[in-house]
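Only one structure is covered here, and it is reproduced in the block below.
Within every chain, numbering begins at 1; the chains are lettered A, B, ... in the order of the sequence lines, protein sequences first and strands thereafter. The figures here come from the full heavy-atom set of this structure, side chains too, leaving out hydrogens, waters and symmetry mates. As the structure is a computational prediction, the values presented were derived from the model and not from experiment.
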Number of protein chains: 2
Amino acid sequence: MGATLKDIAEKSGYSVTTVSRALSGYDDVNEQTRQHIISVANSLGYEPNLPARHLRGLSTQTIGMVIPANDQTFSAHDFFSQLLTGVGDAASRERYDLLISTQIPGEEEMAAYRRMVRGNRVDGMVLARTRQHDPRIAYLQEQGHPFVVSGRSAPGEPNDYPFIDVDSQAGLRILTEFLIELGHRRIGLILPPEDIAYTDYRHNGYREGLAHGGLEYQADYVVYGDLLRSGGYRGAQRLLDTHPLLTAIIACNDLMALGTMSAIQGRGLQVGPDVAVAGFDDIPAAEYAHPALTTIQQPIYEIGQRLVHMLLAIVRGEDLPESQILLQPKLVVRASSGPKLT
Amino acid sequence: MGATLKDIAEKSGYSVTTVSRALSGYDDVNEQTRQHIISVANSLGYEPNLPARHLRGLSTQTIGMVIPANDQTFSAHDFFSQLLTGVGDAASRERYDLLISTQIPGEEEMAAYRRMVRGNRVDGMVLARTRQHDPRIAYLQEQGHPFVVSGRSAPGEPNDYPFIDVDSQAGLRILTEFLIELGHRRIGLILPPEDIAYTDYRHNGYREGLAHGGLEYQADYVVYGDLLRSGGYRGAQRLLDTHPLLTAIIACNDLMALGTMSAIQGRGLQVGPDVAVAGFDDIPAAEYAHPALTTIQQPIYEIGQRLVHMLLAIVRGEDLPESQILLQPKLVVRASSGPKLT
DNA sequence: CTTGACATCCGAAACGTTTCGGGTTAGATT
DNA sequence: AATCTAACCCGAAACGTTTCGGATGTCAAG
C-alpha cells in the first residue's frame, strides 16, 4: 500500500541507498539531489516502515506500560490515568509513543511483558504498583532491559533499580499523628491488599504514628481492602460492626476512603463530626467529595513525567543524577477529618 | 540479546523453516520434532521478534489511538480515561495491545497518525472527539486504513464511516425540557469550542427544547467554553455578570458544569435552589460532586468496548451488522438541578 | 519392480530499511 | 601524464520472520 524507498528510488532515478541517505540527512549527498528526493518522497506520501527499521535494531521510539485491567470498575483507574497522562505528555515531548497493554496480574501479564521486551517493541518500560517479590522486576532485571518503577519494593526486599516513590510510611505517620492531635483515640485502618509492596510501609507508618501519640496498636482495628471504592465500603462496615466506638478511619487510598464515607453515611452518621475519614493519593475526586476528603497528596502526574525522563536517560546511556527518588508526602486537610474533639 | 529462530535451529538440529513451522502449529512437522523444538525454544526463552513479523505484513495485533495532550489539566482526561479503559479492556480480551500517542491537535498530531498508519504499526485506529472538517478522518479514508470513531461528524458533513455516538441533540433537548418543566424560564448554555463536531448538535438540542417549552431563543444566553473546569467557571461568570437573572445553566460537559458550580458558589449563591446546573457525560466525579450533578449519561466505557469490536470486525473483513450506532441518552437527575420552582 | 501417496523436512526468496565498504567522476596538484 | 582529493553515489549484506515450492525417504498398492 504505502510507498517504499524502492518506489522513490525508481521514480527519482537514484538508488535505494542514496534515497535512504538523503532522507536521513547524511552529508554525502548533493543538496540538489536531496531536495529532489524529498519532493518525490512527499509526492508519494512516503512514511518510513517502522517495523523494518526496528528489525535493524534501531530505536523504536516507544515506551511500554502494562496496566492492570479491571473491567467495569474503571474509576479505579484514577491513579493510572493520572500516571498515564504524565507519562504520555512527557513521552510525546520526546517524540516517543506509548505501547499499552491492559492485563490482569498473572501469567498473561508476564506474557505481555515478554512480548514487549523480547519482542523488541519498546525501548524501555514503566512499571507501576510494585508487588511483593514482583516477578516483573525480576524478569526485567534478568533481561537487562531498561525500566523504571513507580513505587519501590516492599520493606526488606532489595531496591536495586531506578524508581520514584512517595514515602508513604511517613505519609501514614503524619496522618495518624494528625488525627491523634485532633483528639482521636480509636483509629481504624483499611490497608491495601497484602501483596502490594507499599502495604507494609503504610502499616508501619500507622504504628509509628500511634506510638508517637502514646496509643497502643490494636490489630483488630486494621482490615485489608482491595483499593476500590467497594473495598472501602466493606472494610468500613466490618470495622464499625465490630468496633462501633471508632472515631476515625484511615483508608490507604482515596477510592477506599470514598467507600468508607458512603458506609458511614449509610449508617446515618456524619463524616467528620461522628467519624473522621482520611485517604491517600489526592485524586481529583477527593477535592470534590462531600465532605471534601482529607488526604495525603502524591504528585502522580509529575511522577509520570519524571519517570519518562529517567527512563530515556537510561535508554540513551546518559547517567542519572538520581536514580532512586523518595518524595516527601504532603498532608491536605479538608472537611472529612472533622473538627478537633473536645 | 534474545534468541532467534536460527539459534533454536542450530541447537535442535533442524532448519529455520522447520522450527518456524513447528512453533506456529503447521501439521507437516512430526509431533515428536515439534515437542523437541518447543522445549528448546523454551529453554532459550524464545519470544518472536515482532518487527520481523510485521515486516512480512502480518497482523500487528495493535490498535492505535491518538489522544489530545493537555499538560497539567489531566482531569480533563476523564472522558478519555474512561474511553481508553474500555478500549484497552476489550482489546486485551482479543489479545490486542494499544499504541497511544498524546498530541496537541495540529500538524504534530497528523504526523502521529501517519506514523501509525503508514508506518505499519497498527491494524486499525480508534478516533475520538471528532472536529469539524476533521482532517484525520479525511486522511484515514484516503489511506483506506481501518478505523472507527467515537462521535459522528458535525451536522451537514458526510458520515460515511463507522462510528458510535450518543444523540446529544436529543440529550440537550431532554435537559432543556426538564429544566423548563421545573419552572425555569431563563436558561444559560455553555457550549464546547466551535470546532468540535458535536457542538452544533447540542446547540440545536437546546433550541429545540426551548421551542418545545414555548420559550424564545436568546443568543446572549449562550457562551462557548473549552471543555475544562476553568472554561465552565469563566463561562458562568460571564453569563451571570451579564444576566444575573438566569435561574439555570446547562454546561455541555460535566467538567464545565463543575466549574459552573464553583462560580455560582463563589458568588454566595446556592447551586440548585438559586441557580440550577446540569452537565453532560456523567463522569464519576458528577456523582460525588457537591451537590451531585444532574447530567446526561453517556456509556463511555461501553462505547470504548464496542468500538474495539467494530474495529476488529472491519480488520478481519467480517461484515458489521451495524456500522453507525446512535445511542439514546439518559437523563440522570441529582441535586444540582434543584427543586421545582413555585 | 514401478508407481503413487504420504509424512517430514528444507532452501531460498521476500518484507523495507540501514550501513559498510567500496566505486566513479571531475578537478586540482605534482 | 600520473596522482591525489573531494564530492557524490551505489551494491550487497544484514536484521528475523514466514512461506512457496520443492526434496527426500518410506511404504503400500499395482
Side-chain angles (χ1 to χ4, degrees), chain A residues 1-38 40-41 44-62 114-123 143, chain B residues 1-38 40-41 44-62 114-123 143:
Chain A
M1 183 88 275
T4 70
L5 287 186
K6 202 166 133 205
D7 300 327
I8 302 177
E10 275 163 16
K11 189 151 175 215
S12 69
Y14 292 93
S15 74
V16 168
T17 303
T18 302
V19 171
S20 169
R21 297 180 78 84
L23 257 24
S24 41
Y26 280 72
D27 60 359
D28 67 347
V29 20
N30 187 300
E31 193 49 36
Q32 218 171 322
T33 312
R34 184 199 310 285
Q35 291 310 328
H36 179 222
I37 288 176
I38 287 177
V40 171
L44 293 175
Y46 172 75
E47 200 71 26
N49 182 306
L50 266 23
R53 277 196 173 161
H54 303 160
L55 184 52
R56 290 290 319 245
L58 303 198
S59 157
T60 61
Q61 296 286 113
T62 306
R114 283 196 299 271
R115 276 205 307 275
M116 290 192 180
V117 172
R118 297 297 296 268
N120 243 0
R121 304 192 71 189
V122 298
D123 288 2
Q143 294 294 318
Chain B
M1 185 88 275
T4 70
L5 286 186
K6 201 165 134 205
D7 299 328
I8 303 176
E10 276 162 15
K11 187 150 177 215
S12 69
Y14 292 92
S15 73
V16 168
T17 304
T18 302
V19 171
S20 169
R21 297 179 78 82
L23 256 24
S24 41
Y26 281 72
D27 59 358
D28 67 347
V29 19
N30 187 300
E31 194 46 39
Q32 219 172 321
T33 312
R34 182 198 312 284
Q35 290 310 330
H36 178 221
I37 287 176
I38 287 177
V40 172
L44 291 176
Y46 172 74
E47 200 71 25
N49 182 307
L50 267 21
R53 277 196 174 162
H54 303 158
L55 184 53
R56 292 290 320 247
L58 302 198
S59 158
T60 61
Q61 297 286 111
T62 306
R114 285 197 298 272
R115 275 205 307 274
M116 290 192 181
V117 172
R118 297 297 297 271
N120 243 357
R121 304 192 71 189
V122 299
D123 288 2
Q143 295 294 319

Practice problem: Applying side-chain hydrogen bond (donor to acceptor under 3.5 Å, both in side chains), name anything that partners A/Arg53, two or more places apart in sequence or on another chain. | Solution: none
When you compare the side chain of [Y] with that of [X], does any pair of heavy atoms fall below 4.5 Å?
X: B/Tyr46; Y: B/Leu23; value: yes
X: B/Asn30; Y: B/Arg34; value: no
X: B/Lys11; Y: B/Leu44; value: yes
X: B/His54; Y: B/Asn120; value: no
X: A/Asp123; Y: A/Thr62; value: no

Quiz item: Base, sugar-phosphate, or nothing for A/Thr4, non-hydrogen atoms under 4.0 angstrom?
Solution: sugar-phosphate
Self-check item: B/Thr33 side-chain N/O to C/dT8 phosphate OP1/OP2 under 4.0 Å
Solution: no
Self-check item: B/Asn30 side chain near C/dA7 phosphate (N/O to OP1/OP2, under 4.0 Å)
Solution: no
Quiz prompt | Stepwise side-chain contact (heavy atoms from CB on, under 4.5 Å) check, A/Thr4 with A/Asn49 | solution = CA-CA 8 Å; A/Thr4 70; A/Asn49 182 306; over 6 Å; no
Quiz prompt | Range on DNA chain D touched by chain A - first to last nucleotide, heavy-atom distance under 4.0 Å | solution = D/dC8 to D/dG16
Practice problem: Mind listing the residues from residues 8-17 of chain B sitting with a heavy atom below 4.0 Å of DNA chain D? Number order is fine. | Solution: B/Val16, B/Thr17
